[in-house]
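Scroll down for the structure; my scribbles are underneath it.
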Amino acid sequence: MGNNEFVSTPQTPVNKVIDGADPDSKALVPMTPVNVDALAVVPVNPKPKRNELSQRRTRRPFSVAEVEALVAAVEELGTGRWRDVKLGAFENADHRTYVDLKDKWKTLVHTASIAPQQRRGEPVPQELLDRVLSAHSYWSMHQSKQHGKHPVEPIKPVDRPDEIVRA
DNA sequence: ATTAGGG
DNA sequence: CCCTAAT
């Protein structure tokens with residue numbers, strides 16, 4: 001959808017310019033010539049920004065099940081296609097936007113890097129945190145070059161993250 | 001509309 | 001979670 005919506009006002013057939021330089025002008029203040037057409041089209045809906053009035057979304061801690069889905073999705077799609085991760089694993093989770101998923105991955109990588117004692121909320125299974133770090137390092141190297149128009153790539157086995165190295 | 005990172 | 005510069 002286009003975010004640039006405009007509204008056009010009826011064109012002025014005769015007076016295209018309102019000139020204040022009129023000798024017979026009774027204007028108290030000199031008026032600079034102004035082109036009416038320039039004001040004919042004014043942008044409406046500048047940008048539905050979020051002012052300090054709008055309330056921010058209520059917090060919604062990710063469940064372990066959600067983390068599992070997120071990790072699985074990133075393991076095969078990488079960390080540069082949150083749109084696809086959203087569509088592929090959170091299709092019907094209206095409160096989870098692809099930005100939310102991207103943010104969650106960021107916190108997960110951090111969580112996996114700190115001591116269990118400083119983590120908060122329902123503990124995330126170490127097994128998942130291991131996969132997070134594994135996928136994180138994996139996709140750090142295989143920086144997918146161009147984001148060509150892929151129809152949600154058919155998962156290439158060779159591109160999947162390696163299992164945790166534990167001899 | 002998405003991506004990518006800092007706030 | 002939010003904000004937003006770049007794409």
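Here is the naming used below: chain letters follow the sequence lines, and residue numbers restart at 1 for every chain.
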Residues in contact with DNA chain B, drawn from residues 106-120 of chain A - heavy-atom cutoff 4.0 Å: A:Lys106
Pairwise salt bridge (Lys or Arg N to Asp or Glu O under 4.0 Å) hits with a residue in residues 102-114 of chain A, at least two apart: none
Contact list for DNA chain B against residues 56-68 of chain A - heavy-atom distance below 4.0 Å: none
Nearest-angstrom distance from the residue atom NZ of A:Lys86 to P of B:dA4: 18 Å
Interatomic distance, A:Asp100 CG vs B:dA4 P [rounded to whole Å]: 16 Å
A:Arg57: partners by salt bridge (Lys or Arg N to Asp or Glu O under 4.0 Å), with sequence neighbours left out: A:Asp100
Interatomic distance, A:His95 NE2 vs C:dC1 C1' [rounded to whole Å]: 13 Å
A:Pro123: partners by side-chain contact (heavy atoms from CB on, under 4.5 Å), with sequence neighbours left out: none
Protein-nucleotide distance (A:Trp105, atom CH2; B:dG6, atom P), rounded to Å: 18 Å
Contacts of type side chain to side chain donor-acceptor pair (under 3.5 Å), residue A:Gln126, not counting sequence neighbours: A:Asp130
5'-most by nearest nucleotide on DNA chain B - A:Arg83 or A:Asp103: A:Arg83
Which residues share a side-chain contact (heavy atoms from CB on, under 4.5 Å) with A:Ile114, sequence neighbours left out: A:His110, A:Gln118, A:Arg119
Partner set under side-chain contact (heavy atoms from CB on, under 4.5 Å) for A:Ser140, not counting sequence neighbours: A:His136
Please write out each protein N/O paired with an N/O of nucleotides 5-7 of chain C under 3.5 Å, distance rounded to 0.1 Å.
none

Salt bridge (Lys or Arg N to Asp or Glu O under 4.0 Å) contacts touching residues 58-72 of chain A (sequence neighbours left out): A:Glu66-A:Arg96, A:Glu68-A:Arg131
All salt bridge (Lys or Arg N to Asp or Glu O under 4.0 Å) counterparts of A:Arg83, not counting sequence neighbours: none
Between P of B:dT2 and CG of A:Leu77, the distance in whole Å: 15 Å
Integer-rounded Å distance: B:dA1 P and A:Lys102 NZ: 17 Å
Heavy-atom donor-acceptor pair, A:Trp139 side chain to A:Val74 backbone, under 3.5 Å: yes
